[in-house]
Amino acid sequence: MAMELHLVGGFLGSGKTTAIITLSRALIAQGKKVGVVTNDQGKYLVDSSFMRANSIPSVEVTNGCFCCNYDRLEDKLAELKSSEHPDVVFAESVGSCGDIVATVIKPLQELSGSDTPPTSFSVFADSQLLLAYLQGEELPFSENVLYIFEKQLEEAQILVLNKIDLLTQPEADEVLNLAARAFPEKTIHTQDSKSMQSVMDWYGLLNDHPVLADLRAIEMDYERYGQGESELAWFDQELEIQSSSGNVLCVINDLIQRIINTLGTMHATIGHLKFIVATNSGELEIGITTIEQKGWNSGLHESNEDHASVLINARVQIAPDRLKTVISDGIAEISKEPGVTIQAAQADSFKPGFPKPTHRMN
């Protein structure tokens, strides 16, 4: 039986990784072999750590999106097939990536030597953000960043309205009705990506859908696309945190809260903040997509742990040097607390380079 290759796109913070992990675990429990290709503009990926923490085989395409690293994508797909022999592969593009049909799907279908034609293409949208957008509300992102969001929606084959559980029932009905009117040609699926049944319903759509050959490339203004990406900052860093009080998770809670509060005072818009916290007791995954988000620290309760490793991925609409200062200042302030020592690896802070796809096929 041919390997399934499901491409998954969507904006920063839309919940792609959570959905893929939940579905992968469900499929593995059914006896299927699953693999994941993660992708980012940086090289230290929390998403890959999330996959490893959930015992899901994965490979990485780093330092740029799939479209600008097409050859590496093919190499990583071949590596995954050789090592894991998967029945199902999910390839998750970085949240600032667009124009996937022309630069990834068409080349995978048509170029000689490519033996991994994709099975489906889903685009995720945060239901709260999409509802505000479809209702004509002013959104916190710049026009150029929103251009990327809009183009991602435009080229979707399957549009997943994710985090539907965070809406009231009237709001959920409204976003579904508005999306159906705005995108009548698309398959639309509402989803709670923490629900096994919800993601299995999504999986049913992935394999019961018209072939991708019918998808057409969208028109893409690469100047606006590149400008939008340049208005986003990437920040990656690894920390080793020691607390002589034996409550290192509270120290991490204070650090993250300080970062969020500072970004709030600067009116910076979060694409996503992702953290993976590793202690002797295991690993904890934290994802934050808005300044106002509640409950992100539910796992950071008091403990007897005195040491933790922390990997930070921050994606924010702000200048890279300002984002680096926010996080570095937060680390410096928390380090002043009695008994707290933080060793910080070299930070990687930048804005994405101008998108230059390897191939673009209409």
Counting only N and O atoms by type, is there a donor-acceptor contact under 3.5 Å from the side chain of Ser82 to the main-chain atoms of Ala78?
no
Tell me yes or no: between the side chains of Thr38 and Glu92, is some donor less than 3.5 Å from an acceptor?
no
Any side-chain donor near an acceptor of the partner, Gln191 and Asp165, under 3.5 Å:
no
Could you tell me whether a side-chain N or O of Asp87 sits under 3.5 Å from a main-chain N or O of Lys33, the two making a donor and an acceptor?
yes
In Å, rounded to the nearest 0.5 Å, how long is the span from CG of Leu167 to CG of Asp173?
10.0 Å
Test of ring centre spacing under 6.0 Å for Phe11 and Tyr133
no
Hey, could you give me the CG/OG1 distance between Leu73 and Thr103, rounded to the nearest 0.5 Å?
10.0 Å
Gln197 side chain to Ser195 side chain, donor-acceptor N/O pair below 3.5 angstrom:
no
Would a distance-only check, ignoring hydrogens and angles, find a side-chain to backbone donor-acceptor pair under 3.5 Å from Asp221 to Arg224?
yes
Should Phe50 and Leu300 be counted in the same cluster of Ile, Leu, Val, Met, Phe, Trp and Tyr side chains packed under 4.5 Å apart?
no
Can you find a heavy atom in the side chain of Phe235 that is under 4.5 Å from one in the side chain of Pro320?
no
Minimum heavy-atom separation for Ile334 and Val340, please, with both atom names.
O-CG1, 3.7 Å
Answer yes or no: is there an ion pair linking Asp126 with Lys163, defined by an N-O contact shorter than 4.0 Å?
yes
Between the side chains of Asn261 and Gln257, does any donor sit under 3.5 Å from an acceptor?
yes
Give the cluster check for Met200 versus Ile21: same hydrophobic cluster or not, with ILVMFWY residues linked at side-chain heavy-atom distances below 4.5 Å.
yes
Flag, side chain of Thr265 to backbone of Thr262, donor-acceptor distance under 3.5 Å:
yes
Using only heavy-atom distances, determine whether the side chains of Ser309 and Glu240 contain a donor-acceptor pair under 3.5 Å.
yes
Would you say that more than 12 heavy atoms from the other residues, nucleotides or ligands in this model lie under 6.0 Å from the CD of Glu150, or not?
yes
For Arg360 and Asp99: C-alpha separation, side-chain torsions, deciding distance, then whether salt bridge (charged side-chain N to carboxylate O under 4.0 Å, His left out) applies.
CA-CA 9 Å; Arg360 191 171 195 279; Asp99 204 24; 2.6 Å; yes
Can you find a heavy atom in the side chain of Lys151 that is under 4.5 Å from one in the side chain of Met220?
yes
Is there a donor-acceptor pair closer than 3.5 Å between any side-chain N or O of Asn162 and the backbone N or O of Ser14?
yes
Between Gln152 (side chain only) and Cys97 (backbone N and O only), is there a donor and an acceptor less than 3.5 Å apart?
yes
Can you tell me if Glu74 and Tyr70 form a side-chain donor-acceptor pair at under 3.5 Å?
yes
Within a radius of less than 6.0 Å around CZ of Arg322, do more than 12 heavy atoms belonging to other residues, nucleotides or ligands occur?
no
Under 3.5 Å side-chain donor-acceptor pair for Ser281 and Glu305:
yes
One thing to verify: whether Arg315 and Asp236 come together as a salt bridge, which I'm taking to mean a side-chain N less than 4.0 angstrom from a carboxylate O.
yes
Mind checking whether Ile148 and Ile105 sit in one hydrophobic cluster, side chains of I, L, V, M, F, W, Y counted as touching below 4.5 Å?
no
Can you establish whether the number of heavy atoms outside Asp201 located under 6.0 Å from its atom CG is more than 12?
yes
So do the side chains of Thr358 and Asn69 get within less than 4.5 Å of each other, counting heavy atoms only?
no
Would you say the side chains of Ser49 and Arg52 form a donor-acceptor pair under 3.5 Å?
yes
In Å, rounded to the nearest 0.5 Å, how long is the span from CD of Gln317 to OG of Ser142?
4.0 Å
Straight-line distance of Met196 CE to Thr22 OG1, nearest 0.5 Å:
6.5 Å
Under 4.5 Å between any side-chain heavy atoms of Phe124 and Thr18, yes or no?
no
ILVMFWY cluster, Ile218 and Phe183 together (side-chain gap under 4.5 Å):
no
Is there a side-chain contact between His189 and Leu161 (heavy atoms, below 4.5 Å)?
no
Same apolar cluster (I L V M F W Y, side chains within < 4.5 Å links), Leu166/Leu159
no
Any luck finding a side-chain donor-acceptor pair between Glu229 and Gln41 under 3.5 Å?
yes
Around Lys106, counting heavy atoms of other residues, nucleotides and ligands shown, do more than 12 lie under 6.0 Å from its NZ?
yes
The test is side-chain hydrogen bond (donor to acceptor under 3.5 Å, both in side chains); show your working for Thr289 and His272 and say whether it passes.
CA-CA 5 Å; Thr289 56; His272 73 231; over 6 Å; no
Does Asp47 pair with Lys274 as a salt bridge, N-O distance under 4.0 Å?
yes
Would you say the side-chain atoms of Gln227 and Glu223 include a donor-acceptor pair closer than 3.5 Å?
no
Do we see a donor-acceptor contact under 3.5 Å between the side chains of Ser349 and Trp234?
no
Can you check whether Glu4's main-chain N or O pairs, donor with acceptor, with Thr119's side chain at less than 3.5 Å?
no
Does Asn39 use its side chain to pair, donor to acceptor, with the backbone of Gly64 at less than 3.5 Å?
yes
Phe350 and Asp348, any side-chain heavy atoms less than 4.5 Å apart:
yes
Would you indicate whether Lys81, at its atom NZ, is surrounded by more than 12 heavy atoms from other residues, nucleotides or ligands within a distance under 6.0 Å?
yes
Apply the test side-chain hydrogen bond (donor to acceptor under 3.5 Å, both in side chains) to residues Glu79 and Ser83: give CA-CA distance (whole Å), side-chain angles for both, the deciding distance (0.1 Å), then the verdict.
CA-CA 6 Å; Glu79 177 184 326; Ser83 63; 5.7 Å; no
Do side-chain atoms of Glu155 reach the backbone of Val101 as a donor and acceptor pair under 3.5 angstrom?
yes
Tell me if the CD atom of Glu219 is crowded by more than 12 foreign heavy atoms within 6.0 Å.
no
Is the shortest heavy-atom distance from the side chain of Leu273 to the side chain of Val316 under 4.5 Å?
yes
Can you find a pair of side-chain heavy atoms, one from Thr17 and one from Met51, that are under 4.5 Å apart?
yes
Tyr147 (side chain) donor-acceptor with Gly228 (main chain) under 3.5 angstrom
no
Using a 6.0 Å cut-off, check whether atom CD of Glu137 has over 12 heavy atoms from anything other than its own residue.
yes
